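First the structure, in the form of structure tokens, and then the observations on it.
These numbers come from a predicted model, not from an experiment.
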Amino acid sequence: MSKVLIFGHKNPDTDTICSAIAYADLKTQLGEEVEAVRLGAVSGETQYALDKFGFEAPRLVETVAGEAKGVILVDHNERQQSAADIDQVTVLEVIDHHRIANFETSAPLYYRAEPVGCTATILLKLYKENGKTVPANIAGLMLSAIISDSLLFKSPTCTAQDVAAAKELAAIAGVDADSYGLDMLKAGADLSDKTIAQLISLDAKEFQMGQAKVEIAQVNAVDVNDVLSKQAELEDALTGIINEKGLDLFLFVVTDILNNDSVGLALGKAADAVEEAYSVKIENNRAFLKGVVSRKSQIVPVLTDIFNKR
């Protein structure tokens, strides 16, 4: 029971998986007994990165209290996004780059949150602060995380720190960030073999916004119509989730990685919040979101402001 588990949020993305592996490597170098684990399926994009740099996916877990007393959270802090039994373990550390919400502990902890585009950018600082070298294969994973979260440096969440970190990590990993990054994003945007259930859960997060319970899922695509052609099936599935979880809004966002725009499929009794937030008209449950690519900076805070006023 002395081992510490390191993991990111449910429905893990590339940053969550790669940062858990990277931080586990740093902690191991520092002589600590840790293991990176995951709370959901690995996406095609993430698998591409794991294969490229020679890693197996972390072990899948649903609960953590049965095997660890202490845990470290990366790339998230909100309780509803974490392990189902997170309240039964001690959160020892958090390394994150998101808003802080629905989070409290009974004892002090190490909390590192920075307004950068990716958790891996913070982890590179931690390697340096601890006087440890980033192995080439770990650097490749960290680079992959930054590319994913920044949409190859095009997202408004991407900072100069992320770009500098990516450049440094690419040199360590021995890859060209732009060519590798485009290949990785395209691998993630290949949704041809995904079921409806997989599409809406690949990268879905729950949020409490004022009095509203909101879930936002996002997928990247080269052609958004490849996804939206299945709209009827998607709506049936989303309606089921709304009823099951008692959601006020489910916003399913399909992001065009080539044009850097999105289309949002908005369902639920509070779907009009999307119209208010973006000054758009929802037609056929769809809203065109010009220039919107980041859930973290362009969707969550905007919708939160709307719901906080209601």
Open item on the list: Run the salt bridge (Lys or Arg N to Asp or Glu O under 4.0 Å) test on Lys245 and Glu215 for me, step by step, so that the C-alpha distance in whole Å, both residues' side-chain angles and the decisive distance to 0.1 Å come before the verdict.
Closed with: CA-CA 10 Å; Lys245 295 185 177 181; Glu215 186 158 344; 2.9 Å; yes

Task: Test: Glu67 and Arg59 ion pair at under 4.0 Å - done: yes

Open item on the list: Using a 3.5 Å distance criterion without hydrogens, assess whether the side chain of Asn225 forms a donor-acceptor pair with backbone atoms of Leu228.
Closed with: no

Task: Thr159 side chain to Asp162 side chain, donor-acceptor N/O pair below 3.5 angstrom - done: yes

Task: N/O donor-acceptor pair under 3.5 Å between Asp190 side chain and Ser192 backbone - done: yes

Task: Contact check, side chains of His76 and Leu73, non-hydrogen atoms, under 4.5 Å - done: yes

Open item on the list: Testing the 3.5 Å rule here: is there a donor-acceptor pair between the side chains of Asp15 and Ser19?
Closed with: yes

TODO: Verify, without hydrogens or angle tests, whether Gln298 (side chain) and Ser155 (backbone) share a donor-acceptor contact under 3.5 angstrom.
DONE: no

TODO: State plainly whether the residues Arg310 and Asp272 are in salt-bridge range, i.e. N to O under 4.0 Å.
DONE: yes

Open item on the list: To the nearest 0.5 Å, what is the distance between CG on Leu141 and OG on Ser148?
Closed with: 12.0 Å

Task: Carboxylate-amine/guanidinium contact Glu33 Lys3, below 4.0 Å - done: no

- [ ] Please state whether the rings of Phe53 and Tyr180 are parallel, tilted or perpendicular, taking 30° and 60° as the class boundaries.
- [x] perpendicular

Open item on the list: A quick test of your reading: do over 12 heavy atoms of other residues, nucleotides or ligands sit less than 6.0 Å from NZ of Lys269?
Closed with: no

Open item on the list: Using 0.5 Å steps for rounding, measure from the CD1 atom of Ile172 to the CG atom of Leu124.
Closed with: 6.5 Å

TODO: Using a cut-off of 6.0 Å, state whether more than 12 heavy atoms not belonging to Lys230 lie near its atom NZ.
DONE: yes

Open item on the list: Within this structure, what is the CD1-CD distance for the pair Ile146 and Glu168, rounded to the nearest 0.5 Å?
Closed with: 9.5 Å

Open item on the list: Can you confirm whether the side chains of Thr14 and Thr46 place a donor and an acceptor under 3.5 Å from each other?
Closed with: yes

- [ ] Consider only side-chain N and O atoms of Gln161 and Thr121, and report whether a donor and an acceptor are under 3.5 Å apart.
- [x] no

Open item on the list: Looking only at side-chain N and O atoms, does Asp25 offer a donor or acceptor that is under 3.5 Å from a partner on Thr28?
Closed with: no

TODO: Please say which of Gln80, Gln81, Gln208, Glu206 ends up in a side chain to side chain donor-acceptor pair (under 3.5 Å) with Asn102.
DONE: Gln80

- [ ] Kindly compute the distance separating CG (Leu202) from CG (Leu191), expressed to the nearest 0.5 Å.
- [x] 7.0 Å

Open item on the list: For the residue pair His97 / Lys296, report whether a side-chain donor-acceptor contact shorter than 3.5 Å exists.
Closed with: yes

Task: Flag for His9-Asp75: side-chain donor and acceptor within less than 3.5 Å - done: yes

Open item on the list: Let me confirm one number: the CD-CZ distance from Glu62 to Arg38, rounded to the nearest 0.5 Å.
Closed with: 11.0 Å

- [ ] Assess the side chains of Asn11 and Asp203: does a donor N or O sit below 3.5 Å from an acceptor N or O?
- [x] no

Open item on the list: Evaluate Tyr111 against Phe103 for ring pair (Phe, Tyr, Trp, His ring centres under 6.0 Å), listing each step before the verdict.
Closed with: CA-CA 11 Å; Tyr111 199 111; Phe103 180 83; 5.6 Å; yes

Task: Carboxylate-amine/guanidinium contact Glu93 Lys27, below 4.0 Å - done: yes

TODO: To the nearest 0.5 angstrom, please state how far the CD1 atom of Ile242 sits from the NZ atom of Lys213.
DONE: 12.0 Å

